[in-house]
Amino acid sequence: MEQFLPVYDPKEIEQKWYEIWEGSGLFSGRPDRSAVRFCITIPPPNVTGTLHMGHALNLTIHDIVARYRRMMGDDVLIVPGTDHAGIATQVVVEKELAKEGKTRHDLGRDRFVERVWQWKNQYGGIITNQMRRLGCSFDWTRERFTMDPGYARAVLETFFRLWQDGLIYRGYRIVNWCPRCLTALSDLEVERSEEGEPGFLWFIRYPLQEPVNGRQFVTVATTRPETMLGDVAVAVHPRDLRYRDIVGRIAVLPLVGRLIPIVADDAVNPDFGTGAVKVTPAHDPADFEIADRHRLPKPLVMDERGVMINVPQRFVGRDRFAARDEVVKALEEAGLLEKTEEYRVPLGRCYRCQTVVEPLMSLQWFVKMQPLAADALQALRENKIRYLPDRFLRLTLDWLENVKDWCISRQIWWGHRIPVWYCIDCNQGKWEKKRYGGEERYHFFEDAKPFASLTTPKNCPDCGGSHLIQEADVLDTWFSSAIWPHAVLGWPDDSDDLKTYYPTDLMITDRGILHLWVARMIMTGVRFAGDIPFRVVLVHPTVLTREGKRMSKSLGTGIDPMDLVGHYGADGVRFGLIVQAEGSQDLRFHEERLEMARNFGKKLWNAARFVYSVLQSGPAASWKETVDRVATVAERWIRSRCRRTINFVHQCFANHDLAEGGKALYNFLWDEFCDWFVEISKPALSDDRLAPYYRSTLKMITDVSLRLLHPFMPFITEELWHRLGYPSDQEPYLLVASYPLLDLFQTDEEAEETMAFLTQLVRTVRAFKADLGMPTAIIPLVLAGDERQRKAVEENLWWLRFVGRWREVQWMPPGARLPHAFSESVNGAEVFFPLTDLGDVSKIRERLIKRLTELEKERDRTHSRLDNPQFLEKAPPQVVQTLKERLTELETAEQSLRARLTALEELTS
RNA sequence: GGGCGGUUAGCUCAGAGGGAGAGCGCCUGCCUUACAAGCAGGAGGGCGCAGGUUCAAGUCCUGCACCGCCCACCA
């Protein structure tokens, strides 16, 4: 056994153990072993990132579960990895370039992508090292990155199969466009605030070409007047009587002079604004559909940067917001602005850079979602995947039932380039060279014919020509993460890992990415890997600030978990976080909880130090000898309590209720083991007849406790386990030691009952002394009670005197009273304090009176319930019975309380 | 606009039909030979509001209020 360090220093032990563990290879999955498999693929964080509190909680849950299963003997595989996070990473590197006064276009595509790789190689390890610092026992030999060659192959394969199944198409649609990132975004990548953002609703008069029944113009309302330059119609509801006579007539588009029809369309809400709406197909999704229905053109009036194009000279080249002001001004000048109202505008913002997203018509790639959603829906309806809490299943079903096609193309450079090529020769007249974002490139029209290929083709499959141009766009990052579980296990190859570990057991995630990611994994898993990707989706709380706000770096409300690890140790952060993650409630993070966890660590350390010194001080009996003999009540009690704790913790793991499990261990170790058993063991250890057995019990309970706690606090438990000399050839590390099972100890009702009586006795005496201001005094006692109680006290007097600071105890028969003494009753037994001078008894009197009032209240309540004939008639007899017993108890307690009060008065008068 | 959560001690949260709980914080006393990041004792609650069901309601039902999340093209 090593020498024991005097103080607990997390820093010293955490790094050491992680290196030893990782070096031991015990984190690795072992398909060759015959064991129950347990596999999780972690949600890969962005390579660009550093860990935030949400990750810390997520990873802690992963690792607690992983360590538990490993100790239960399973073949555990937790696959870690990172996501290339297309836009996010590109934005970071672009910012770096900006500092050098460059843009990505200065470098060009290839050099820029190279630069991102450099950046990834330099900083990509930060976040995985942070996982290590947290203690995550993941299989780093299987670490994956979503742009690794193998993974890229899986991504392309997925695209290719979708292509072959006819689920990929290209076309003009209104997409969410970020004019800063210069790319399309999926609906899920756009953030919208609940109540919109402050803005205006402008009412614009569109003159009619010819007056109708005296009407000169039609007024439309809009929040985006600049888009009117691209209007192709005015629409009204077909049954709107106000406008019935102008439907089919022609209006003159102000500022432009274009003649546009007035059409009737169901999509118009007659109750909004004036009931007449301008139709701008290229810049509004609803208008796009109206235009389709009425065969109207779709002119673009804004380019990819949000700059006005194809508009009258006055507005050309203006930014969209400047153009807005200018259009309003021009309308005012023309006397066509009827009025302006303040209005909250529902705006979307880019989830990466917070720029206001522009609905913009552009040529994009889409996945037809319905067939994929159908696959997922079927699996979910067959209850193949359990959601915890299960309400999230409903949410997912709703989303899948209403899913819309997925825009998967992104106009950025960092990502998986879409494996589609165009033949220049076959597509004559269907392309042009175009400057795009400062870069010259081929632009293929909607009717150009591309082909998909898994490898870079040399020749056109149709004409054999070699003038091939690859699609410039890359795939949405979520396209590649959608295949994560099977792809990291080796798909599309039929690898050993895939065969062994797929479907995985758990998906542990925040609810924020339930659709963005989890639902899509189910779709691709079912379709391409032939089965659901995971059996259980565990949705954990979202970590909020203590005020209940979102944690975010930009708001300055984020907390760096690594700072916390520095302060409280990884064990402290893990434990402090997990006990806060109760239920499915969001978690308002309180650092005080980490303090609690750190204190717990120190408590554990000191308890172990005590056990260590005890084991040094003399021989321990074997465990067999210890249990085979007639043991003391305290030993039987701690074994019984320990068994209940083991049972409870297993249940908690089964229910994925880790907070409860952690708290149960905290309570067992602190309240029962440290506060009682360790104290009781002190006098036992100075008794030669008991010492060897108590050494043995302390050793055993400590061993079991460290095992139980290891998943939650891996470092300190491993360290203590070694310092106390528990490792063996079969169990070299606590990491792979067996998790305690129920058959280790037996429950012992009798011992628990006796101990409840004895500890209550001790507490009562302590409270009495505290009230008198003499807590450390050693006082004599006289007890009155039945034979069992007398026997219990006498057999345990050796420790009762120590922990309770009693002097001597005299015994009287039950019911007997010691005259001129104050008394308290405990479980029907009576404790007398034969003190000649009680001193100041005001506190005692106060307490007695308070308790009496409470008793009276409860007695009255109980009484009136028992007086109620309906209650007696309808309530289950058992309930009535226990209530009757309760009443008797209350009455006795009240009597003795009154007697005690009287005695107190007599004593002090 | 629709949907889903939440409202219990000063704070963060458990409790899901029959005697209101934990941690932290607070008060009092203790440097008791593992531990003052500790030990011992204690105070503190109309369980959001209003109805209803029931012998019995934090607990079930209805409505309302406030907080938070998700979804939706209402310009």
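Heavy atoms only: backbone and side chains are in, while hydrogens, waters and symmetry mates are out. As the structure is a computational prediction, the values presented were derived from the model and not from experiment. Letters A, B, ... are given to chains in the order of the sequence lines, protein chains preceding strands, and every chain is numbered from 1.
- Aromatic rings from A:F392 and A:Y387 are positioned such that their centres are separated by 6.0 Å or more.
- Side chain of A:A770, nearest nucleotide from B:C35, B:C39, B:G41: B:G41.
- Heavy atoms of A:E289 sit nowhere under 4.0 angstrom from any nucleic acid atom.
- The separation of B:C11 from B:G18, taken at their C1' atoms, amounts to 31 Å, rounded to a whole angstrom.
- For a distance-only test at 3.5 Å, the side chain of A:K603 qualifies as a donor-acceptor partner of the base of B:C35.
- Below the 3.5 angstrom threshold, one finds a donor paired with an acceptor across the side chain of A:K682 and the base of B:A34.
- Across the protein-nucleic acid pair, A:R763 atom CZ and B:A40 atom P stand 9 Å apart, rounded to whole Å.
- Looking at heavy-atom distances under 4.0 Å, A:Y343 makes contact with sugar-phosphate atoms alone, never a base.
- Residue A:K663 contributes atom NZ, which lies 8 Å from atom C1' of B:G23 at whole-angstrom precision.
- Checked against B:C39, B:C71, B:G41, the side chain of A:H515 finds its nearest nucleotide in B:C71.
- Using a 4.0 Å cut-off between a side-chain N of Lys or Arg and a carboxylate O of Asp or Glu, A:R851 and A:E854 do not qualify as a salt bridge.
- The residue A:P876 sits close to a base: some heavy atom pair falls under 4.0 Å.
- Distances from the side chain of A:R391 to the nucleotides B:U12, B:C4, B:C35 place B:C4 closest.
- Using a 4.0 Å heavy-atom criterion, one finds that A:R598 contacts the bases of the nucleic acid, with or without backbone contacts as well.
- Residues A:T697 and A:K699 have side chains that never bring a donor and an acceptor to within less than 3.5 angstrom of each other.
- With B:G18, B:C73, B:A34 as the choices, the nucleotide that has an atom nearest any side-chain atom of A:A286 turns out to be B:C73.
- Atom name C1', nucleotides B:C31 and B:G68: the rounded distance is 47 Å, in whole Å.
- Partner assigned to B:G25 is none, using Watson-Crick or G-U wobble distances below 3.5 angstrom.
- A:V611 comes within 4.0 angstrom of no nucleic acid atom, judged by non-hydrogen atoms across all strands.
- At least one side-chain nitrogen or oxygen of A:K874 sits closer than 4.0 Å to the OP1 or OP2 atom of B:C55.
- Glycosidic conformation at B:G21 (O4'-C1'-N9-C4 for purines, O4'-C1'-N1-C2 for pyrimidines): anti, more than 90° from 0.
- Comparing the same atom, C1', in B:C60 and in B:G17 gives a spacing of 8 Å after rounding to whole Å.
- Backbone-only engagement by A:W670 is indicated by non-hydrogen atom pairs under 4.0 Å involving sugar-phosphate atoms exclusively.
- Contact annotation for A:K404: backbone-only contact, meaning every heavy-atom pair under 4.0 Å involves sugar-phosphate atoms and none involves a base.
- Among the protein residues, A:Q878 comes within range of no part of the nucleic acid, since none of its heavy atoms lies under 4.0 Å from any strand.
- Between the P atom of B:C4 and the CZ atom of A:F392 lies a distance of 13 Å, rounded to the nearest Å.
- Residue-level contact check: A:E889 touches the bases, meaning some heavy atom is under 4.0 Å from a base atom.
- Between A:R859 and A:E891 no salt bridge is recorded (no basic side-chain N to carboxylate O distance below 4.0 Å).
- Here B:G1 sits opposite B:C71 as a Watson-Crick or G-U wobble pair (both hydrogen-bonding atom distances under 3.5 Å).
- The separation of B:U62 from B:U54, taken at their C1' atoms, amounts to 16 Å, rounded to a whole angstrom.
- Comment: A:R847 engages A:E824 in a salt bridge, judged by a side-chain N to carboxylate O separation of less than 4.0 angstrom.
- Heavy atoms of A:R865 sit under 4.0 angstrom from at least one base atom.
- A donor and an acceptor atom sit less than 3.5 Å apart, one in the side chain of A:R593 and one in the base of B:U12.
- Rounded to whole Å, the C1' atom of B:U28 lies 15 Å from the corresponding atom of B:G44.
- The nucleotide whose nearest atom lies closest to any side-chain atom of A:D586 is, among B:G68, B:G18, B:G41, B:G68.
- Here B:C35 is the nucleotide among B:C35, B:G23, B:A14 with the atom lying nearest to any side-chain atom of A:N606.
- Comparing the C1' positions of B:G6 and B:C64 gives an interatomic distance of 16 Å, to the nearest angstrom.
- Among the nucleotides B:C74, B:A40, B:G23, the one closest to any side-chain atom of A:N269 is B:C74.
- Salt bridge annotation for A:R320-A:E226: absent, with no cationic side-chain nitrogen under 4.0 angstrom from a carboxylate oxygen.
- Residue contacts shown for A:V678 include a base, since a base heavy atom lies under 4.0 Å away.
- Relative to the side chain of A:V879, the nucleotides B:G18, B:G41, B:A37 differ in distance, and B:G18 lies closest.
- More than 12 heavy atoms of other shown residues, nucleotides or ligands fall within 6.0 angstrom of atom CD in A:E401.
- For A:D771, the listed nucleotide lying nearest its side chain is B:G41; candidates were B:C13, B:G23, B:G41.
- Among the atoms of the strands shown, only primed sugar atoms or phosphate atoms (P, OP1, OP2) are found under 4.0 Å from some heavy atom of A:A767.
- Minimum atom distance to the side chain of A:R805 is reached by B:U32, of the listed B:A34, B:U32, B:C24.
- Remark on RNA chain B: of its neighbouring residues A:L587 and A:V762, the 5'-side contact belongs to A:L587, judged by nearest-heavy-atom nucleotide.
- A salt bridge is absent between A:E595 and A:R593; no separation between the charged side-chain nitrogens and carboxylate oxygens falls under 4.0 Å.
- With a 3.5 Å ceiling on both atom-pair distances, the Watson-Crick or G-U wobble partner of B:C60 is B:G52.
- Looking at heavy-atom distances under 4.0 Å, A:D675 makes contact with sugar-phosphate atoms alone, never a base.
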